[in-house]
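Working notes, structure below.
Just so we're clear, the structure is a prediction, and the values are computed from it rather than from any experiment. Letters A, B, ... are given to chains in the order of the sequence lines, protein chains preceding strands, and every chain is numbered from 1.
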Amino acid sequence: MSEHNGLTQKFTTLEEAVKKFIKSGSIVAIGGFTVSRNPMALAYEIIRQGIRDLHIVCHSHGQALDVLIGAGCVKRLEIAYGGNGRYAPTCVRFRKAIERGEIEFEDYSNYQMSLRFLAGALGIPFIPTKSGLGSDILTKEGFSPQTRREKNVARKKLVVLQNPFTEEEDPIVLLPALTPDVTILHAQYVGEDGTVRIKGLTFADIEQAKAANAVIVTCEEIVSRAFIRSDPDQNCLPPFFVDAIVKVPYGAHPTACFGFYDYDPKHLNYYRKVAEDDTEFKKYLDEWVYGLSSHTQYLEKVGIQTLIKLKASPVTGYAIGLERK
Amino acid sequence: MSEHNGLTQKFTTLEEAVKKFIKSGSIVAIGGFTVSRNPMALAYEIIRQGIRDLHIVCHSHGQALDVLIGAGCVKRLEIAYGGNGRYAPTCVRFRKAIERGEIEFEDYSNYQMSLRFLAGALGIPFIPTKSGLGSDILTKEGFSPQTRREKNVARKKLVVLQNPFTEEEDPIVLLPALTPDVTILHAQYVGEDGTVRIKGLTFADIEQAKAANAVIVTCEEIVSRAFIRSDPDQNCLPPFFVDAIVKVPYGAHPTACFGFYDYDPKHLNYYRKVAEDDTEFKKYLDEWVYGLSSHTQYLEKVGIQTLIKLKASPVTGYAIGLERK
Amino acid sequence: MAGYKENEMMAIRAGRFIKDGDVVFVGTGLSMLAAMAGKRIYAPNAILFFETGGIDPSLEEIPMCVSDLRVMYGSSLNSGLIESFSIVGHKKLRTIAFLGAAQIDRYGNLNTTCIGNYLKPKVRFPGSGGACDVAALASGFIVFMQHEKRRFVEKLDYLTSVGWYKGWDSRIKLGLKRGGVIAVVTNLCVMKFDEITKEMYLAEYYPGVSIEKIVENTGIQIDVSRAIETTPPTDEELRILREEVDPQRLILGKK
Amino acid sequence: MAGYKENEMMAIRAGRFIKDGDVVFVGTGLSMLAAMAGKRIYAPNAILFFETGGIDPSLEEIPMCVSDLRVMYGSSLNSGLIESFSIVGHKKLRTIAFLGAAQIDRYGNLNTTCIGNYLKPKVRFPGSGGACDVAALASGFIVFMQHEKRRFVEKLDYLTSVGWYKGWDSRIKLGLKRGGVIAVVTNLCVMKFDEITKEMYLAEYYPGVSIEKIVENTGIQIDVSRAIETTPPTDEELRILREEVDPQRLILGKK
């Protein structure tokens, strides 16, 4: 805790961060969205450490979620969307796991899940919305009564209530707050003081982080305290919401990181293909996760040529003219 | 609507903006907080146009609110705090109006009012909180049953509900959303496309603007479309939430505007003094509001020497070493 | 430029629904083409935005999904999901959305969740994403469908997103005070919904497509009495779509 | 530096309640002095934040109110009210707050709203501001009071902010699962609250202040049997308060 020089002591390694904060059975929220800013290096480390039975809570998730499901780390899922856009309209290992009955899951919508994180961040037990009325999201439950009694799992999927502020008929959906055990996310910048700055879209990362009991952040760059505090309007999370910080350049590959690198279309296409076949997928994991002991090794395997192609333009924040088919 | 050059047609004058969007009886939210970024030029224009019977909704308000109350523009008030910090622990005209029974008012807290604006911004009819349990905010109402039936006024001050997601006793306060007819606010920058950027603290300005049916923004600077869009992460409101924009340098004086100028301690102290006496206060209004036909005249009256003293340091955003007693 | 592909017809026809000043919720694929083409051709003041939080980006290259970095450049605002969905439902805006689906019923309700039993489905799709939300909250939405018999069904396997619900005024009775499905744009035709009953009917058939073919490929009975031929894409529409919107043919695919 | 003013004693004594690592909700006036002094003297890792949204600013000059531009410079984060109050109640933080009041009762409930009838008061005060919120949501709060008989009352004219409510476990029964009032720091003494009954008692009297004087100036009966003398401000405490925190004596006032 000797942080009175204004510098945080929370810097650590991928290995230590995962070991300390993520347990088998943990409820985990993943930052990013489909193919952007997924905390991939953290996902790979979770797989390498053989963590099982995770309960994942997310809105629209793609690569990190799919690789965790494929590696058998996930027992349970609350989700709005499992896809990688044009690179996997439905994420393949996610699809298979559900079709095979391998995971317990429950569907919400993107706004519903984001509002649930917001409620968690605000410290309120539920939040109302009109979204969902008439949908099977209201009628079809996925969790068993036993699951609903578990610690930190909502007792009911949702509740429909008459708006008490009007005499007219006005049904409202109440969504239970989400308070993950851990939120993992990848940011562009973290200050030496522990302040987090995300550039480009923030998705629901900030709500997810504030709703959680612990937060692990990987980042592209560590910057000085003076730099990050010279424009505090741009920062997203103060140090006290963050529990572990790891500098991991290209920590979101093969997903994108605004201002740093684009998503890797070849890798994503290759992944979708191998994910279709159990044996091929096992080989993929061996090759890209289990067979590598560090993120540096991973990047060597990706190769400098690819990294150069993916490099974002300083003007647009993405790789102009990248071959994306 | 011919905005396809990417430039907005919403630029107008103080006079036109107020005439078009603020009517006697309007429910108005005021941006800023106590002595920071109050839309003073707009408040003065409202007074000059003789608009009456306003229903003001705010969290912690100071100067703009007090001068509007003092000038007799306000009929009704939902408020958490009427003060100017050390420059008026309780705003004087606000205090007198309540002590004399001149306005209908109802008390909430700052978080409650901010959450009510958030609910309005999210388009949800109410929002839960734990704040207020046990407090007289729950038991003492200020609005008459007739007022509660008026258009756009909440039918109930608030509702206490058992949390439907737990079997334990867990009472929750439900706060009704606020959806002002108009929100008025002062920002540092507006782009030629109508995008708004606030620097420093945003208070609840963004929620207030999104919750409203119409939004008037005054600003220190109009900047090019290219400039405001070169870092969209820093922007606060897209053009379609804004209905009228007026460039008014020093539009927040005597309150502060981060990065541009500090609050004016002499003016605020002088105001508090004259506000104590009805005759003196009338003279103040004659001199500083009715007697001036434009904001330029107002600034001439403030004087260049004062404006220079208040000028913010480009490093700190405030006037270093300003005499503030 | 005489010939055009099915997906070009679809994107252009859908784009024609965008009115100037609309605030348009854009998804992936065809929806992206339709919105980008629509804004460029008919509705220069329309604002395109993405559920991920990108509001009115410059879209100099076509995004491959809604979290693509290309929705973060030159925007008015880069925000997040909460901000975006609060725009969808905002009372002062006319917001329209494009959605795709695996199944649709006669009242325009959509399924993007699964085929078969929910808990052990035959086929699992990605899920709602933002579809349930915009179907509930937007001023209106337009659906893209591949026109196959098995996709137009009497009963959805899972009702993800509400259109006109059970027809008539049932949507309003649900508590959804605005919005509803405006049209279905398929690779053969355009379906609309009766103003009173809210039942789907054939509104337009594309040039060269017979009404018989449409009926044959539709798993539910539809009224065809009001059908007219769709105005084919103009040269200008095709030029903008091909040269400005998707010059790399990332979504349009091979010619 | 032998002598010191009442407000210096108050600021220093209150500042001693701040523990290293605390996240401190700071208001105006004495609260600002106590928090800034406390952090500098005893709790270098404490984080000061403001309801207006300024998180951990550098505070090179003393702010005169919580919306002062001086709470926006050198911060970790410049946000807004929603963000700030969600910090106050955050389960993973130990958040403490300083509040002032016009009236206080034996259970540490506060009135900052009015004297007399709510609708037509004899004296109107500013209102809750964030006081009701932090009293409900923070891990604990400390109250500053001018020690006058009429301010320590059996029954508040208006209960703005909940302390221990009606004593015993009544606060928890209300639905407030954490927090409560830690102490009252006046210009004469420090009051604390019995662990079981939650009734106010005299915990400390300042050097030179008699227990009789305190009792005389307190409008409610209090237990004085546990009172000890407060450790006077040290030279170092006074130096930091005077030279670093408020060198212009904007809040401390004339010597």
Can you measure from [atom1] ([X]) to [atom2] ([Y]) and round to the nearest 0.5 angstrom?
X: D:Ile82; Y: B:Leu118; atom1: CD1; atom2: CG; result: 4.5 Å
X: B:Lys130; Y: D:Leu174; atom1: NZ; atom2: CG; result: 9.5 Å
X: B:Leu133; Y: D:Arg171; atom1: CG; atom2: CZ; result: 10.0 Å

Identify which of [options] forms the greatest number of heavy-atom pairs closer than 4.5 Å to chain B.
options: D:Ser84, D:Gly53, D:Gly29; value: D:Gly53
options: D:Gly129, D:Ala136, D:Gly175; value: D:Gly129
options: D:Leu119, D:Asp133, D:Leu137, D:Leu77; value: D:Asp133

Less than 4.5 Å apart, any side-chain heavy atom of [X] and any of [Y]?
X: D:Phe85; Y: B:Asn110; result: yes
X: B:Ile137; Y: D:Ser128; result: yes
X: D:Glu60; Y: B:Tyr318; result: yes
X: B:Phe33; Y: D:Leu81; result: yes
X: B:Asp136; Y: D:Thr113; result: no

Top contributor to chain D interface from [options] [non-hydrogen pairs under 4.5 Å]:
options: B:Thr34, B:Asp262, B:Asp107; result: B:Asp107
options: B:Ile206, B:Ile320, B:Asn84; result: B:Ile320
options: B:Ala312, B:Gly200, B:Ser60; result: B:Gly200

> How far apart are the C-alpha atoms of D:Tyr118 and B:Phe105, what are their side-chain angles, what is the distance that settles it, and do they pass the ring-ring contact (aromatic ring centres under 6.0 Å, His included) test?
Replying inline: CA-CA 10 Å; D:Tyr118 174 60; B:Phe105 66 95; 5.1 Å; yes

Chain B contacts: which residues in [range] have a non-hydrogen atom closer than 4.5 Å to it?
range: residues 145-167 of chain D; result: D:Asp157, D:Tyr158, D:Leu159, D:Thr160, D:Val162, D:Tyr165
range: residues 61-76 of chain D; result: D:Glu61, D:Ile62, D:Pro63, D:Met64, D:Cys65, D:Val66, D:Ser67, D:Asp68, D:Leu69, D:Arg70, D:Val71, D:Met72, D:Tyr73
range: residues 93-112 of chain D; result: none
range: residues 245-255 of chain D; result: D:Gln248, D:Arg249, D:Leu250, D:Ile251

>> If we ignore hydrogens and angles and just use 3.5 Å, is the side chain of D:Asn78 paired with the main-chain N or O of B:Leu201 as donor and acceptor?
In response: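 Pair absent, no side-chain N/O of D:Asn78 close to backbone of B:Leu201.
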
>> Using a 3.5 Å distance criterion without hydrogens, assess whether the side chain of B:Glu99 forms a donor-acceptor pair with backbone atoms of D:Arg124.
In response: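 Yes; judged by distance alone, with no hydrogens or angles, the pair exists.
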
